[in-house]
Amino acid sequence: MSDWTRERLVRALDRRDPAELQALVIELEQPVVAARALLFHKKPWLRVGPERSKEDDVQTVLTYLFNRDARVLRKFGDTPDFVHKEGALRRFVMGVTMLCLQKMCRKRALAWELLEEDMASTDHGDNAGSGIDVLDRLMDAKRAVDALSPSDQELFGLIYDKQLSQDELCERLGISPQTYQQRKSRLLRRLAQFLRP
């Protein structure tokens, strides 16, 4: 990765030279991909839910960086005490990427915390731990959800992705609250087979 200074960045944005802007986009893609991988490694529950491709996430972050005349990108080095160091733009973009993707996944993160609470309430053995302990024991949350039956995947999506209330979910599926509770308990037991050692 070549070293982009603030001056070169601002010049490229102001002049809008297609070749220089293309070079800038190529420079930005690598730290975006790296930050995405790091974020999902540190917070695997953000991966649970509707499938999002790496390309979609990169496009989302690049759009965010260049939106409104590159308002976010122009903040790079825009402080009186900024001293340029090698890789500064890369670190800046990685930080912005993690914030952007976390914001985008906030609802999903909250949904996973809800799932983790539900899972903990079904575990009365010695293997129960704090929320972070349970998350550390995950082998692959996405694979666990994919291993569910289609009806359980649908139920999981309605509860934890769309976060429908019990009444909304019962109305949508045409089931009673008692049937909903039974199906949810069965769903959690099946997930526990994949999420627990």
Side-chain angles (χ1 to χ4, degrees), residues 1-2 4 9 12-13 16 18-76 87 89-116 118-119 131-132 134-164 169 172 187-188 190-195:
M1 182 172 189
S2 64
W4 278 67
L9 173 71
L13 294 172
R16 298 184 181 177
E20 190 73 348
L21 288 175
Q22 181 63 32
L24 176 59
V25 168
I26 291 169
E27 289 292 316
L28 298 178
E29 285 179 340
Q30 184 181 355
V32 170
V33 171
R36 178 185 186 271
L38 183 61
L39 177 66
F40 288 163
H41 175 72
K42 288 182 174 180
K43 300 182 178 185
W45 60 92
L46 294 178
R47 292 181 290 146
V48 178
E51 187 68 36
R52 285 185 350 270
S53 71
K54 176 175 67 175
E55 292 76 18
D56 288 342
D57 285 345
V58 169
Q59 188 65 40
T60 297
V61 174
L62 290 177
T63 300
Y64 178 70
L65 287 168
F66 283 97
N67 195 25
R68 294 167 61 185
D69 194 30
R71 180 178 57 91
V72 173
L73 263 181
R74 289 178 185 275
K75 291 181 181 179
F76 169 65
L89 181 60
R90 176 186 175 86
R91 289 188 297 278
F92 173 81
V93 170
M94 287 183 73
V96 170
T97 297
M98 293 180 102
L99 290 173
C100 180
L101 292 179
Q102 283 184 92
K103 184 177 180 182
M104 188 176 75
C105 296
R106 184 170 291 142
K107 182 177 178 182
R108 183 168 301 140
L110 294 173
W112 178 256
E113 289 168 7
L114 176 62
L115 172 64
E116 190 277 322
D118 288 345
M119 294 292 292
I132 199 69
V134 173
L135 292 173
D136 283 343
R137 294 198 311 256
L138 295 181
M139 291 174 57
D140 186 346
K142 180 68 175 76
R143 188 175 62 183
V145 173
D146 288 345
L148 296 171
S149 69
S151 63
D152 281 342
Q153 286 182 17
E154 177 188 23
L155 185 63
F156 179 92
L158 295 175
I159 296 172
Y160 298 106
D161 288 331
K162 295 189 177 175
Q163 297 186 38
L164 298 183
L169 197 142
R172 179 174 291 194
L187 168 69
L188 293 174
R190 289 177 177 170
L191 274 175
Q193 295 172 354
F194 295 99
L195 299 181

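Predicted, not measured: the structure shown is a model, and the values here were computed from it.
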Pairing residues for Arg68 by the salt bridge (Lys or Arg N to Asp or Glu O under 4.0 Å) criterion, not counting sequence neighbours
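For Arg68, no residue satisfies salt bridge (Lys or Arg N to Asp or Glu O under 4.0 Å) once neighbours in sequence are set aside.
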
Which residues pass the salt bridge (Lys or Arg N to Asp or Glu O under 4.0 Å) test with Glu154, not counting sequence neighbours?
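Salt bridge (Lys or Arg N to Asp or Glu O under 4.0 Å) check on Glu154 returns nothing, list empty.
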
With sequence neighbours left out, what residues match [X] under side chain to side chain contact (heavy atoms under 4.5 Å, CB included)?
X: Tyr64; result: Val72, Val96, Cys100
X: Glu29; result: Val25, Val58, Leu62
X: Ala34; result: Arg90, Met94
X: Leu164; result: Leu158, Lys162, Glu168, Leu169, Arg172

Nearest 0.5 Å, what's the [atom1]-[atom2] distance between [X] and [Y]?
X: Leu13; Y: Glu20; atom1: CG; atom2: CD; answer: 9.5 Å
X: Leu65; Y: Phe92; atom1: CG; atom2: CZ; answer: 7.0 Å
X: Leu101; Y: Arg36; atom1: CG; atom2: CZ; answer: 7.5 Å
X: Met98; Y: Leu39; atom1: CE; atom2: CG; answer: 5.0 Å
X: Lys75; Y: Leu73; atom1: NZ; atom2: CG; answer: 11.0 Å

Would you say that Arg190 contacts Ser149 through its side chain, given a criterion of any heavy-atom pair below 4.5 Å between the two side chains?
yes

Heavy-atom check, side chain of Val61 versus side chain of Val93, under 4.5 Å:
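Not touching, per the 4.5 Å side-chain cut-off.
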
Output yes when Arg16 and Asp69 qualify as a salt bridge under the 4.0 Å nitrogen-oxygen rule, no when they do not.
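Between Asp69 and Arg16 there is a salt bridge, with a charged N closer than 4.0 Å to a carboxylate O.
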
Under the side-chain contact (heavy atoms from CB on, under 4.5 Å) criterion, do Gln22 and Ile26 qualify, and how do the steps go?
CA-CA 6 Å; Gln22 181 63 32; Ile26 291 169; 3.8 Å; yes

Which pair of non-hydrogen atoms, one from Ala12 and one from Trp4, has the smallest distance, and what is that distance?
CB-CZ3, 4.0 Å

Can you name the nearest heavy-atom pair linking Lys54 to Val33, along with the distance?
CD-CG1, 3.8 Å

Only counting residues at least two apart or in another chain, list the ones meeting ring pair (Phe, Tyr, Trp, His ring centres under 6.0 Å) with Phe66.
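Phe66: no ring pair (Phe, Tyr, Trp, His ring centres under 6.0 Å) contacts found.
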
Checking the side chain of Glu27 only, and the main-chain atoms of Ala23 only, is there a donor and an acceptor separated by less than 3.5 Å?
no

Run the side chain to side chain donor-acceptor pair (under 3.5 Å) test on Thr60 and Asp57 for me, step by step, so that the C-alpha distance in whole Å, both residues' side-chain angles and the decisive distance to 0.1 Å come before the verdict.
CA-CA 5 Å; Thr60 297; Asp57 285 345; 5.0 Å; no

